[in-house]
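Reading through the structure tokens given below for one structure.
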Amino acid sequence: MIGYGADGQGVLARGGGVHVQRGGLHLHAQHAHSVPAVVEVGIGVVEHVGGQEVAHLVPEPPLLALVHGLAAEADTMLRELFAAQPQASSLWARRALVTARALVEEGKYEQGTYYYGYADAYYKKASLVEEQLELISEQLAHLPAAYPNPQHLHQQLSAYAKRAAELGDKGEEMVAGIWAWKGRLYREEGTTTALEKANRCFEKALSGFKADHLPELAGASICVGSLLLDKGESARAEELIRNGLSRIEDTPSAAPYMLLALRDLARIEQDKGNSDAALAMLYRAEGIALIHEPSGSTFWNCLYDQRGWLNFSRENYGAARVDFEKALEVCGASPAYRVQPLEGAARCCLAYEELDKAAGYFTECLQLRRSHMAAELIPQGRIHLELARIYDAQNKAEDACAAYGEAVRLLSTMEDKQNPELIAAMMAQAYSLTQLRQWTEAYAVWDALQPLVTDDKMLRNEVSVQLQYCRDRGAVPADEETH
């Protein structure tokens with residue numbers, strides 16, 4: 001039974017159909033497939049009198065339950081019923097909210113939006129600012145499930161930020177929270193362009209939070225703490241995040257703040273060297289998310305990836321590998337979410353000397369970076385270096401040499417030319433060329449190494465020995481080729 005009770009107004013759903021009545025408005029829809037004869041909801045009571053069903057709707061706040069199989073027809077008729085009201089009222093605003101929540105619970109977000117809009121129109125007309133803010137907050141909680149496409153999610157967030165901004169001072173902190181959310185979404189994409197957008201969003205968010213209000217606003221306190229952590233202000237960040245987490249209520253709408261707080265505290269504890277505490281935070285986050293986060297949420301990829309790298313740093317390669325594989329399983333084909341767990345899984349395979357599997361993961365990771373993050377050269381260089389080492393171990397000398405060459409080319413874009421990573425790559429390339437008896441090419445790399453190893457006596461001597469070794473075998477230095 002679908003029931004509203006007040007002043008003879010009601011909506012009834014029976015096994016044979018749906019009947020809507022209000023004043024002179026009567027709607028009825030028959031259904032080919034039967035559903036349970038009567039679904040009793042809340043205080044809606046149905047009695048059987050003389051073989052007939054008699055429904056009693058008591059004058060209480062509105063009740064609505066969408067009977068499975070009748071949702072589409074009920075939605076159509078309910079829209080007509082709401083549209084027939086001469087003007088919005090507090091009673092019908094409440095009914096709209098009940099309807100919206102029931103539809104959203106069934107996963108019918110688009111239909112639910114219509115009824116949220118009806119309630120919002122009344123609150124706006126009546127200048128009920130707190131109610132408008134609560135309504136926006138409720139809708140924000142459903143956005144990730146309603147809009148899995150990141151672009152569409154950003155569009156909706158921008159629309160709600162604009163709506164909250166119309167509410168003046170009371171809406172400022174909600175606007176700031178939305179900007180913080182957008183910033184986190186961009187940050188999770190991981191590309192250079194997205195990170196630039198994230199920083200702009202974070203700056204807007206920080207400017208919107210009032211510092212003297214933070215102790216009373218648990219969610220805002222967590223958001224600002226997260227932003228400060230990204231800016232490197234760990235001590236103040238930890239204070240705000242712990243303050244917010246200690247006071248936040250355990251509700252579905254608060255879950256995203258709790259999960260953000262726990263993941264950030266895990267980062268802080270790991271930076272302090274407290275990996276046990278960090279791991280405990282992430283497992284606690286997983287427990288909360290199992291209750292509140294949908295399976296398709298990007299949170300899962302981020303959690304498993306973060307926990308994978310934490311386990312990797314603890315040399316718990318088995319647990320790390322499980323986490324990275326879970327991250328890959330839940331992230332689908334999204335390049336932004338695949339690259340890190342792919343690299344993590346590859347490094348775990350290396351730890352177990354599973355070279356072919358490691359090469360497969362590294363190769364996919366490299367392909368995604370080339371296609372979608374082409375401007376980020378140094379991460380590509382590092383992957384080339386790992387692939388080269390794998391090829392070396394597999395006695396694939398020519399493949400190894402080519403990969404070392406790419407690694408050097410890409411890592412040479414580092415500002416610090418004496419970076420140990422670059423020097424290691426150059427030395428490996430030089431040895432590889434020497435092994436292939438490409439004396440002149442090897443000599444050129446050894447020669448380029450000379451100014452980079454002046455502070456290391458052992459490396460300086462090795463470079464000198466190798467230069468002479470190549471010359472003795474016919475290497476022609478570049479400055480001699482012109483004569």
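Geometrically, Arg307 engages Tyr283 in a cation-pi contact, judged by NZ or CZ lying under 6.0 Å from the ring centre and within 45° of the ring axis.
Counting only distance, with no hydrogens or angles, the side chain of Trp300 and the backbone of Ala289 share no donor-acceptor pair below 3.5 Å. Under the 3.5 Å distance criterion, the side-chain polar atoms of Gln139 are matched with a main-chain donor or acceptor of Leu135. Checking side-chain atoms of Ser246 against main-chain N and O of Asn243 turns up a donor-acceptor pair under 3.5 Å. Within the 3.5 Å criterion, the main-chain N or O of Asp305 finds no donor-acceptor partner in the side chain of Asp323.
A salt bridge is defined here as a Lys NZ or Arg NE, NH1 or NH2 lying under 4.0 Å from an Asp or Glu carboxylate O, and Glu238 with Arg242 meets this definition. A salt bridge does not link Glu329 with Lys326: every distance from a Lys NZ or Arg NE/NH1/NH2 to an Asp or Glu carboxylate oxygen is 4.0 Å or more. Using a cut-off of 4.0 Å between Lys/Arg side-chain N and Asp/Glu carboxylate O, Glu269 and Arg263 are scored as not salt-bridged. In summary, Glu166 and Arg163 engage in a salt bridge, as defined by a charged side-chain N under 4.0 Å from a carboxylate O. We find that Glu131 and Lys124 are not joined by a salt bridge, their nearest charged nitrogen and carboxylate oxygen being 4.0 Å or further apart. Ion pairing between a basic and an acidic side chain is recognised when a charged N comes within 4.0 Å of a carboxylate O; Arg347 and Glu343 show such pairing.
In this structure, Arg101 and Glu138 have side chains that are in contact, with non-hydrogen atoms separated by less than 4.5 Å.
Using bins of under 30°, 30° to 60° and over 60° for the plane-to-plane angle, the ring pair His142/Tyr109 lands in the tilted bin.
Counted by atom type alone, Lys272 and Ser234 present zero donor-acceptor pairs between their side chains at under 3.5 Å.
Aromatic ring centroids of His154 and Tyr186 lie under 6.0 Å apart.
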